[in-house]
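First the structure, in the form of structure tokens, and then the observations on it.
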Amino acid sequence: MMDYRTAVAPPAHLVALHLAAETSAWAAAGFTVVGDEVRIGSVRVRLAGAGTGHGVLGWDLAGPLGGDLDGLPRPGVETPATGAAPDHPNGIVAIDHTVAFSPDLDRTVAALEAAGLQLRRRREGQTARGSARQAFFWIGDVILEVVEHPPQAREAGDAGAPARFWGLALVASDLDATVHSATGLIGEARQAIQPGRRIATFAREAALGAAIAVVSPHV
């Protein structure tokens with residue numbers, strides 16, 4: 001019989017994300033910026049500047065992870081932040097999930113599982129982004145959501161293309177207050193796919209470096 005005390009390693013968890021964005025843009029959106037980073041819950045969001053690339057440049061994990069990640073950046077290894085995160089004037093309190101797109105969900109899931117990430121569940125059904133297939137992985141107290149490109153995008157693109165990061169969903173303690181505090185930089189709140197939750201999306205003009213949505217807390 002397998003001894004799970006020695007055979008199962010502790011799961012990797014998200015410590016930091018690196019974005020191609022300016023600190024001034026995040027400060028203007030109501031985040032507390034210290035140096036070049038914004039601490040959201042247990043995760044550091046490091047802002048490398050708008051001229052360093054596009055979107056999510058990389059991620060750091062604490063815990064074991066090995067092998068290829070189907071094109072997602074190889075994560076660095078870093079110790080978790082300690083102490084409480086600073087309050088943000090816009091009311092953001094945590095990162096709910098980060099999103100990656102893949103032209104081949106099965107391929108990406110297999111790569112992530114082989115690397116050591118823990119699959120939480122799969123979902124089949126239409127989403128706001130037009131895809132019918134998703135997979136969810138735990139990375140600490142944040143979820144990695146992998147979304148398969150909708151059929152029309154797969155037909156028009158390269159089925160062999162790698163997976164890529166797309167954006168983040170943050171949690172607001174009071175979504176209406178967050179929308180009000182960032183007027184002009186964020187859209188109106190609307191019903192989310194998850195029952196009982198609402199969502200609003202930061203506008204491109206906010207220049208936060210990636211697609212950033214804000215959701216109400218879990219019911």
Side-chain angles (χ1 to χ4, degrees), residues 14-60 72-73 81 84-101 127-131 134 139 141-147 150 153 164-219:
L14 183 65
V15 173
L17 288 166
H18 301 259
L19 295 182
E22 300 293 340
T23 55
S24 57
W26 280 68
F31 294 91
T32 299
V33 180
V34 179
D36 66 348
E37 73 177 42
V38 174
R39 171 91 177 274
I40 303 177
S42 63
V43 180
R44 304 179 183 100
V45 177
R46 295 219 162 107
L47 307 173
T52 58
H54 177 73
V56 179
L57 303 174
W59 50 330
D60 297 327
L72 296 179
D87 292 332
H88 298 290
N90 59 17
I92 300 296
V93 294
I95 298 178
D96 189 79
H97 61 277
T98 182
V99 180
F101 277 127
T127 72
R129 304 181 189 96
S131 176
Q134 300 162 280
I139 42 177
D141 57 2
V142 176
I143 291 172
L144 170 61
E145 175 186 348
V146 183
V147 181
R164 60 181 179 83
F165 278 119
W166 182 72
L168 313 172
L170 311 178
V171 180
S173 57
D174 182 334
L175 183 59
D176 291 320
T178 297
V179 170
H180 179 74
S181 73
T183 298
L185 296 177
I186 193 170
E188 294 183 358
R190 62 190 187 280
Q191 293 300 312
I193 293 175
Q194 293 175 306
R197 302 187 82 181
R198 298 161 67 228
I199 187 171
T201 304
F202 274 102
R204 184 183 299 271
E205 290 73 20
L208 298 183
I212 306 287
V214 182
V215 294
S216 59
H218 283 280
V219 178

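FYI, the numbering just counts along the sequence from 1.
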Are Leu19 and Leu208 packed together at the side-chain level, in the sense that at least one heavy-atom pair is separated by less than 4.5 angstrom? no
Partners meeting side-chain contact (heavy atoms from CB on, under 4.5 Å) with Val33 (sequence neighbours left out): Thr23, Trp26, Ala27, Val38
Quick one: does Val179's side chain get under 4.5 Å of Arg198's, heavy atoms only? no
Within a strict 4.5 Å, meaning less than it, do heavy atoms of the Leu170 and Phe31 side chains meet? yes
Could you pull out the closest heavy-atom pair between Leu57 and Ala48, with the gap in Å? CD1-CB, 3.8 Å
For Ala207 versus Ala25, what's the shortest heavy-atom pair and its separation? O-CB, 3.4 Å
Using a 4.5 Å cut-off on heavy atoms from C-beta on, say whether the side chain of Asp96 contacts that of His218. yes
Report the C-alpha separation of Arg44 and Asp60 in whole Å, then their side-chain angles, then the decisive distance to 0.1 Å, and conclude whether the salt bridge (charged side-chain N to carboxylate O under 4.0 Å, His left out) test is met. CA-CA 9 Å; Arg44 304 179 183 100; Asp60 297 327; over 6 Å; no
Closest non-hydrogen contact found for His97 with Val142 is CA-CG1, 3.9 Å
Got a second to check how far Ile199's CD1 is from Ile193's CD1, nearest 0.5 Å? 8.0 Å
Could you walk me through whether His88 and Thr178 pass side chain to side chain contact (heavy atoms under 4.5 Å, CB included), step by step? CA-CA 10 Å; His88 298 290; Thr178 297; over 6 Å; no
Heavy-atom count around Asp174 CG within 6.0 Å, excluding the residue itself: above 12? yes
To check you understand the geometry: which heavy-atom pair defines the closest contact between Gly167 and Ala210, and what is its length? CA-CB, 4.3 Å
So how far is it from Leu168 CG to Thr98 OG1, rounded to the nearest 0.5 Å? 4.5 Å
Approximate separation, where rounding is to 0.5 Å, of Leu14 CG and Ser42 OG: 7.0 Å
Straight-line distance of Ile139 CD1 to Ile95 CD1, nearest 0.5 Å: 8.5 Å
Side chains of Val214 and Leu175: does their closest heavy-atom pair fall under 4.5 Å? yes
Taken to the nearest 0.5 Å, the spacing of Asp36 CG from Arg46 CZ works out to 6.5 Å
Would you give the length of the straight line joining atom OG1 of Thr201 to atom CD1 of Ile186, rounded to the nearest 0.5 angstrom? 7.0 Å
Under 3.5 Å: donor-acceptor pair, side chain of Asn90, backbone of Ala29: yes
Can you name the closest pair of heavy atoms from Leu47 and Glu22 and give their distance? CD1-O, 4.1 Å
Between the main-chain N or O of Gly41 and the side-chain N or O of Arg39, is there a donor-acceptor pair closer than 3.5 Å? yes
Between Val93 and Ser173, which heavy-atom pair has the shortest distance, and what is it? CG1-CB, 4.0 Å
